[in-house]
Amino acid sequence: MNMPLTFKNTRGLLRNALFTATLAGMAAMAAPVDAQTLRAVKHSALRVLDPIMTTAYMSRNHGYMIFDTLYALDSSLTPQPQMVASHTVSDDGLTYTFTLRDGLMFHDGAPVTGEDVAASIARWGERDGMGQVLMSFVDSMSQGASASEFVIQLKEPYGLVIDSLAKPSSNVPFIMPKRLAETPSTEPIPEQIGSGPFKWVADEFQPGVLAVYAKNEDYVPRDEPASWASGGKVVNVDRVEWVVMPDDQTALNALQAGEIDYWESPPSDLLPILELNEEITVRNLNALGFQTIMRPNTLNAPMDDVRIRSAAIASVYQKDVLDALVGNPKYYSLCGAMFVCGTPLASDIGSETLIEGNGMEKAKALLAEAGYDGTPIVIMHPTDVGTLRTQPVVVAQAMRDAGFVVDLQAMDWQTLVGKRASQASIADGGWHMFMTNWVGADVFNPLVNNMVNGKGPEGGWFGWPDVPKLEDLRTAYATETDLAKQIELAAEIQKVAYEEAVYAPIGQYFVPTAWSSELDGVLDAPAPLFWNITK
Amino acid sequence: MIGYIFQRILAAVPVMGFVALFVFLLLRLTPGDPAAIIAGDTATPAQLEAIRDSLGLNDPMLVQFFTWIGRLLQGDFGTSILSGKPVIELIEARMEPTISLALTTITLSVVIAVPLGVIAAWKHGTLIDRFVMLLSVLGFSIPVFVIGYLMISLFSMELKWFPVQGFRPIGDGVGDFLERIALPTFTLTLLYIALIARITRTSMLEILGDDYIRTARAKGLPESRVLMRHALRNCSVPIITVIGIGFALIISGVVVTESVFNLPGLGRLTVDAVLARDYPVIQAVILLASLIYVVINLLIDIAYVLLDPRIRYS
């Protein structure tokens, strides 16, 4: 401590430190890279490991790695068997008997049985919206005559049994061992044991930093080629690492430098740089993209007046929102279809002003008719999420142009998540409107689309519109088995939803994925999938 | 001295208690609900309540506080609400990158900045002095993330000397460790050089005008001995203070640097926990940061005595 520092010593120390660091760095850079490890930067950090307890997309993506599903949608949105070899339906349409395919085994070595399936579907049915509808038709679920059979007994015919089991996005009906599936759905499962193509490497999990998956050598893929979430889940790498990078510029540099192989959702302003790099592929993998929405709260005046809600929607032009949010028209689409453009249920009924941008006069007229008194409209504005901080600003300005007084309240997303659950009045901290985004597969039919739920304050989704007609139509849709009639019912639901101004899609946008050209076989899918990829 | 240290340790207990209470209340008064975050978009109110029950969030606040304090006194920092991992494990995993960055940064900064400050004072008013001051102004003025990006652009993307990001524990090999810690260290070092060199120069300038320095020179002592032995040691108190506080600042989290270089340190753990309202993690990290400040302040005070015999604590 008392040793005097001399200039000579100082120079020597500095020189030695730099020399050592540089030499060490160069030596390590020359080390061989493990070609069988795929390093991916995801859109967020994996935090909750139970894909049934939460709807977080990262938990869903985690689920796709280690769990398997009974059915899965192919690229034409048709359910295909996945864990199931075949199924039969009784003549009265009330008994579904499923036979599991051979070779299905959990990561702990136990075979997958009908009991595991029954417990897993029951737990999923407690949490998921489409699962809850399915469960309302189910009389019983149990293992069949053999361990590889699973039987669903319905109380009345239901047209969407297979569609429900093939649900592609949160919550996905993943199959887990019965002992895990018996965990209450409000508590996380204690282990990560599935029968999927990857195994969870628990020892290396660092929340907020790294999640690691190893190839499941015992997995038996289907023979069919992979298509969306269906088909053979052939794993061609030994290990997949999900690396968390909080800084987009760092992820960009890391991908360009070859330190990572795959970047799930680069921000739109960095896409031009990536697209110019010949060693990087940039492509949209999810044709349904995202639906960005505005959701009014029907409980708080003046938004309890349908004319006021309609005025707010009529003032908005989707192009303005999407230009601000995305910018490049290559990555967005004007789309008023509540059940997403590009699906069989897509319809433009009721969305003219949103698409044409000609609703301002209508908005002003509606405000005058409703006698709007200048009550400030509280719009929650999450400033910490890149894909959500733009829309409130654009919508607020459009509403101001129409004559609204807007109180744009800045907050972080988690505060919004807590606050939106409140049915309190504005004076007690309530709200009038918020915006959010949905993966297309989460809103592509009237049962999974929470915003057309008309159950009101008891059982409705945030905003709580009380529209019994919507519920009648959704029930009719659920029991209908003919696609043409389902399309008609979906169009009618959309018409009513626009008339009641329960919500409005304010654009469809696409988030392309970027990956090293060393990768091949990256799948188009509703969620990022890591089978079929070679490196 | 021993008595003084004992007194300081005792005094730290109510400080930590106050910090614990303050952090606990602050978090509970902050909007946001971890149960809502976990439950997601489609949970019913009943399911939300069940999750809140299972997390103990429906207990009265006093019960929650004393449960937490009770466990804390037994060495149990609790469990992360989101990942389900013990908080102590999360902190342990993040300590090495943070401590490594603090040690390399402070070491390199001291090795460069103290001599620079001494030279600047010694050559006061010359070009060397102005160069050191310019360096200091630049170090203070340029945001750390800009320096970081420039470092990455030059040393990683152009010259390809160092990787862009990441961290390797020293146990995986010194080479791997050094190549990844180098750029964040260089980045932060620029800031700390500015701070330490400036303090060193100012303190030295005051001392170099004192009579005893003139006497030392009149005795014919070599200039290096006058500067290092007589001047530097006598102005070491403010320098040590700045170094200590700088060390504590890095330990308690340099979020921007950790983000730019993707270092999984305590700063990122804290920010992630705050954004996710992971109460047990936030509480533990802030308590730890407070403890670090208390300990470092104590060490600085002890160092004063060792460096300056005129200072005595009764």
Side-chain angles (χ1 to χ4, degrees), chain A residues 1-2 4-7 10 13-14 17 20-29 45 47-49 53-56 126-129 170-171 184-188 205-210 243-247 249-250 253-254 256-257 259 384 411-415 417-419 421 450 459 461, chain B residues 31-33 36-45 47-48 50-51 53-54 80 82-85 90 93 108 111-112 114-115 119 149 152 156-157 160-166 173-179 182 224-225 228-229 232-233 259-262 264 268-269 272 275-277 306-307:
Chain A
M1 178 179 286
N2 290 321
L5 278 171
T6 67
F7 301 140
T10 308
L13 272 173
L14 179 63
T20 308
T22 307
L23 269 186
M26 292 172 75
M29 292 292 281
R47 293 195 176 94
V48 181
L49 299 181
M53 185 186 180
T54 182
T55 55
E126 285 179 20
R127 296 304 303 269
D128 181 72
S170 295
N171 301 94
S185 65
T186 52
E187 293 174 19
F205 177 46
Q206 293 180 57
V209 180
L210 181 70
V243 185
V244 178
M245 279 190 201
D247 187 81
Q249 186 66 41
T250 306
N253 290 330
Q256 291 184 316
E259 292 176 28
D384 62 327
M411 60 189 72
D412 71 334
W413 172 248
Q414 301 304 354
T415 299
V417 166
K419 191 169 176 174
N450 288 310
W461 197 69
Chain B
D33 180 358
I37 295 167
I38 292 171
D41 290 325
T42 56
T44 62
Q47 288 168 340
L48 200 58
I51 293 174
D53 273 338
S54 71
S80 162
L82 287 139
S83 70
K85 282 203 156 195
L90 296 177
L108 193 58
V111 164
I112 296 172
V114 172
I119 294 170
Y149 287 146
I152 290 171
S156 301
M157 304 305 287
K160 302 192 186 305
W161 287 0
F162 299 102
V164 171
Q165 52 80 42
V174 176
D176 274 355
F177 168 76
L178 283 176
E179 71 162 350
S224 62
R225 192 174 170 85
M228 304 306 289
R229 186 107 183 204
L232 182 59
R233 186 169 177 188
S259 297
V260 167
F261 293 100
N262 197 28
R268 270 180 55 194
L269 177 67
D272 287 349
L275 290 175
R277 305 293 191 271
L306 299 175
L307 290 166

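Because the structure is a prediction, the values reported are computed rather than measured.
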Closest non-hydrogen atom pair, [X] against [Y]:
X	Y	value
V209(A)	R268(B)	CA-NH2, 4.4 Å
A254(A)	Q165(B)	CB-CG, 4.0 Å
E259(A)	V164(B)	OE2-N, 2.5 Å

So which of I38(B), L269(B), D272(B) has the largest heavy-atom pair count under 4.5 angstrom toward chain A?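 Most pairs with chain A among the choices: I38(B).
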
At a heavy-atom distance under 4.5 Å, which candidate from P207(A), A257(A), A421(A) has the highest pair count against chain B?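 Max contact count across the listed options: P207(A).
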
Between [atom1] of [X] and [atom2] of [Y], what distance do you get to the nearest 0.5 Å?
X	Y	atom1	atom2	value
S83(B)	Q206(A)	OG	CD	11.5 Å
E187(A)	D53(B)	CD	CG	10.0 Å
T54(A)	I51(B)	OG1	CD1	8.0 Å
S54(B)	M53(A)	OG	CE	5.5 Å

With the side chain counted from C-beta on, respond yes when L275(B) and D384(A) share a heavy-atom pair under 4.5 Å apart, and no when they do not.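 With C-beta onward as the side chain, the pair touches.
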
Step-by-step side chain to side chain donor-acceptor pair (under 3.5 Å) determination, S80(B) to R47(A): CA-CA 10 Å; S80(B) 162; R47(A) 293 195 176 94; over 6 Å; no

Between R277(B) (side chain) and Q414(A) (backbone), is there a donor-acceptor pair under 3.5 Å? no

Polar side-chain atom of T250(A) near backbone of V260(B) as donor-acceptor pair, under 3.5 Å: yes

Interchain contact, [X] with chain B, by part (heavy-atom threshold 4.5 Å):
X	result
V244(A)	both
A56(A)	neither
P188(A)	neither
N253(A)	both

So what's closer than 4.5 Å to chain A heavy atoms on [X]: side chain, backbone, both or neither?
X	answer
Y149(B)	side chain
L90(B)	side chain
I152(B)	side chain
S259(B)	both

Could you tell me which residues satisfy side chain to side chain donor-acceptor pair (under 3.5 Å) with N171(A), sequence neighbours excluded, listed by chain and number?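 Testing N171(A) for side chain to side chain donor-acceptor pair (under 3.5 Å), a comparison that skips the adjacent residues, returns none.
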
Going by the rule side chain to side chain donor-acceptor pair (under 3.5 Å), which residues pair with D128(A) if we only count those two or more places apart in sequence or in a different chain? K167(A)

